[in-house]
Amino acid sequence: MTSHFHPSRRQLLTLAAATAAAGLVPTAASAAPARHDEPEPDFGPNVFVYDPSTPAAEIQSTVDRLFARQERNEMGTDRYAVLLKPGRYDVDARLGYYTTVAGLGEHPDDVDIRGAVRVVGQPDPNSPAGISALTNFWRSAENLSVTPTDWSNQWAVSQASPMRRVHVKGILWLEPGNGGYSSGGFIADSKVDGITINGSQQQWLTRDSELGGDWTNGVWNQVFSGVLGAPAQGFPDPPYTTLATSPVTREKPYLFVDAAGRWRVAVPGLRRDTVGTSWASGGGATRSLPLRAFFVARPEHDAQRINRELARGKHLLLTPGVYRLDRALRVIHPGTVVLGLGMPSLAPTTGDAALRVADVDGVRIAGILVDAGEQESATLVEIGHRHSRRVHADDPISVHDLFFRIGGPWVGRARTSLVVNSRHTLIDNVWAWRGDHGNGIGWTANTADTGVVVNGDDVTAYGLFVEHYQRYQTIWNGERGRTIFYQSELPYDPPSQAAWRSPTGRGWASYKVADGVREHEAWGLGVYSYFNQGVDIRCDRGIEAPRRDGVRFHHMVTVFLDGSGGIEKTINEVGVPVVGEYGTSPVVSYP
């Protein structure tokens, strides 16, 4: 016998109120609620929102125009986002600099693209293939599915170009073609039905995803954390580091339109020992916030106005553009979400930080680029305060797709880019970059000591890219820290060995674990040298850490890329020199 329960109107209203209070999005199996007439939000002129009724030619014209504008606009100030409501689209979207294409569904498959969302290589006379992806930075694809109408969906990127919550219903191709150089990258919470052609990608992190076919090839450092279908561990040949699960994760917030037509921001919860995507069958409901709970900022809003809204308890959505700040933005309330749309830039102008986060639970910082100003900042982003001791194990602060530049668009100076003081913080794809090309570049021009300093205990980092700083690239002072994938190039431009000496010898190690740390663990680390001043510069070691049982490293490599000099040891006293000509020095474990 089948029982049929017919709830009363009061029961329905009570259930709806409880669901709203919990901030839960209805799952796909739920009955579709009545639609509400909610005005379209005003995200400004650089956000394009489309639905399936929009003529395909109009959407194609927009993405083509944006690509033509942004293909070579590496150090420009334009920022763009193309947002697609649930439905099917026939479009071939090529992404240039500072461009995001994102679906607005509750599930990636709600936005069904037939064609491509792709990044292609750029002409490069220094590459044997005449093409490379070495500078394909600052762009993203999120929360959509794509069925390639060509033989694959090409995603030839390097740093700061994440792919998140994407379902590739076919082959994914990660190189520019013909063996052209590439130096990426990062995939999270995604599924690839076909094979993934890694090709020339020197290093890559894939986290909490599903691979339906083989992952082909590998150069120096390929890391898989919590990935169904990941290749077997084989470091150093093939250079695969495979972790069965990711110890603790939280996915990036994302904008979507619910079944009733209301705009909301999903705030995925904390997960432990994860494998595969968060949106696979049985993933369950995701907490979300109404867009009206956010202050939707525009670049013309100053720091005082934005801080006033944050102090009132508003969340913050930054629309595309460059925000020139005369003081730091301050996040003081637990659970605050700061979400960038179209990779907006925070640019301090007075030597203050760009962003300071109080030592409170549950803050999420996502999708932001931070550009140092000409007046030196001590720190660009600070998480917690120096003496933070609160326990955040059940609701940590997390940062997702947070990128830094010292020089490039203009002269920039900052002693440290990111300082993490709060315990249990999650770092989920950070690229801290002291520029080696662009505007305001030089040993005494774009000055910066260190990219990332971790003082808090129990911090976990997935995808830590830190490059070209003038002293240690990364300093880890906290206990029980974990890094899963690390990529770092030493500075290209030390003018002499005398100008680049640390307290422990020639040069500065890239990854420094403080002498007093008792417990630390890291997997999949690559440190590279290219000293390009025509001077014999040596770095005594790529990684420097106390030698004790509680401090453990797995799968490290140092590489001589080009130029003069090189790196003598991979970690402390272990490894072979990579000096004077191309070579690699892999170390499987330490101590």
Side-chain angles (χ1 to χ4, degrees), residues 35 37-74 76-123 136 138-157 161 163-173 176-177 190 193-194 254-259 261 263 319-321 341-344:
R35 295 190 64 82
D37 292 327
E38 182 176 275
E40 290 289 288
D42 181 6
F43 295 129
N46 289 1
V47 178
F48 301 85
V49 181
Y50 294 118
D51 64 41
S53 68
T54 309
E58 179 181 338
I59 301 173
Q60 190 65 54
S61 175
T62 295
V63 296
D64 287 348
R65 176 169 52 86
L66 295 182
F67 179 70
R69 184 176 183 88
Q70 297 300 98
E71 181 183 11
R72 300 282 186 266
N73 196 19
E74 183 179 0
T77 57
D78 295 329
R79 309 283 188 269
Y80 297 100
V82 177
L83 307 180
L84 303 174
K85 291 185 176 181
R88 174 174 168 172
Y89 299 84
D90 293 292
V91 63
D92 177 2
R94 292 176 294 171
L95 275 62
Y97 289 104
Y98 317 111
T99 305
T100 293
V101 173
L104 292 171
E106 298 182 51
H107 188 286
D109 287 340
D110 291 345
V111 173
D112 177 17
I113 294 176
R114 308 297 175 94
V117 178
R118 61 191 176 103
V119 180
V120 299
Q122 297 196 38
N136 278 354
W138 307 307
R139 60 200 81 193
S140 66
E142 304 182 38
N143 196 32
L144 51 82
S145 70
V146 56
T147 301
T149 51
D150 198 355
W151 68 275
S152 70
N153 192 82
Q154 187 176 26
W155 191 252
V157 299
S161 297
M163 176 179 283
R164 291 182 180 269
R165 284 180 62 86
V166 171
H167 184 184
V168 179
K169 297 179 178 180
I171 295 171
L172 179 62
W173 186 29
S190 294
D193 290 350
Y254 57 93
L255 189 66
F256 72 99
V257 178
D258 71 11
W263 288 78
T319 61
L341 194 60
M343 230 165 267

Please report the interatomic distance [atom1]([X]) to [atom2]([Y]), rounded to the nearest 0.5 Å.
X    : Y    : atom1 : atom2 : answer
I59  : D51  : CD1   : CG    : 8.0 Å
W173 : D150 : CH2   : CG    : 8.5 Å
L341 : R79  : CG    : CZ    : 13.0 Å
N46  : L66  : CG    : CG    : 8.5 Å
H167 : I113 : NE2   : CD1   : 13.0 Å

If you look at every heavy atom in [X] and [Y], which pair is closest and at what distance?
X    : Y    : answer
K85  : E40  : NZ-OE2, 3.0 Å
E106 : V257 : CG-O, 4.5 Å
L255 : L104 : O-CD2, 3.6 Å
G342 : P320 : CA-CG, 4.2 Å
V146 : V117 : CG2-N, 3.9 Å
R88  : P52  : O-CB, 4.0 Å

Give a yes or no answer on whether the side chain of [X] reaches the backbone of [Y] with a donor-acceptor pair at less than 3.5 Å.
X    : Y    : answer
D42  : G44  : yes
R94  : F67  : no
D110 : P86  : no
R164 : E142 : no
N143 : G103 : yes
S161 : N136 : yes
D109 : S145 : no

With under 30° as parallel and over 60° as perpendicular, where do the rings of F48 and Y50 fit, or are they tilted in between? parallel
Would you call the rings of W138 and Y97 parallel, tilted or perpendicular, taking 30° and 60° as the class edges?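 Plane angle between 30° and 60°, so tilted.
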Between Y89 and V111, is the side-chain contact (heavy atoms from CB on, under 4.5 Å) condition met? List the steps. CA-CA 8 Å; Y89 299 84; V111 173; 4.1 Å; yes
4.5 Å side-chain heavy-atom contact, L172 and M163: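 Yes, their side chains come closer than 4.5 Å.
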Would you say the side chain of V82 lies within less than 4.5 Å of the side chain of L84, judging by non-hydrogen atoms?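 They are in contact (side-chain heavy atoms under 4.5 Å apart), so the answer is yes.
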Show your reasoning for whether side-chain contact (heavy atoms from CB on, under 4.5 Å) applies to Q122 and R72. CA-CA 9 Å; Q122 297 196 38; R72 300 282 186 266; 3.5 Å; yes
Identify which one of R114, Q60, R118 satisfies the side chain to side chain donor-acceptor pair (under 3.5 Å) criterion when paired with D92.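 Result for side chain to side chain donor-acceptor pair (under 3.5 Å) with D92: R118.
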When you measure from the centre of the six-membered ring of Y254, is the NZ or CZ of R165 under 6.0 Å away and within 45° of the axis?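 Yes.
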V166/N153 under side-chain contact (heavy atoms from CB on, under 4.5 Å): CA gap, chis, key distance, verdict: CA-CA 12 Å; V166 171; N153 192 82; over 6 Å; no
P45: which residues meet the side chain to side chain contact (heavy atoms under 4.5 Å, CB included) condition with it, sequence neighbours left out? R298
Under a 3.5 Å threshold, yes or no: a donor from one side chain and an acceptor from the other, between R69 and Y80?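 Present: a donor and an acceptor within the cut-off.
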L95 vs W155, test: side-chain contact (heavy atoms from CB on, under 4.5 Å). Steps then yes/no. CA-CA 9 Å; L95 275 62; W155 191 252; 3.9 Å; yes
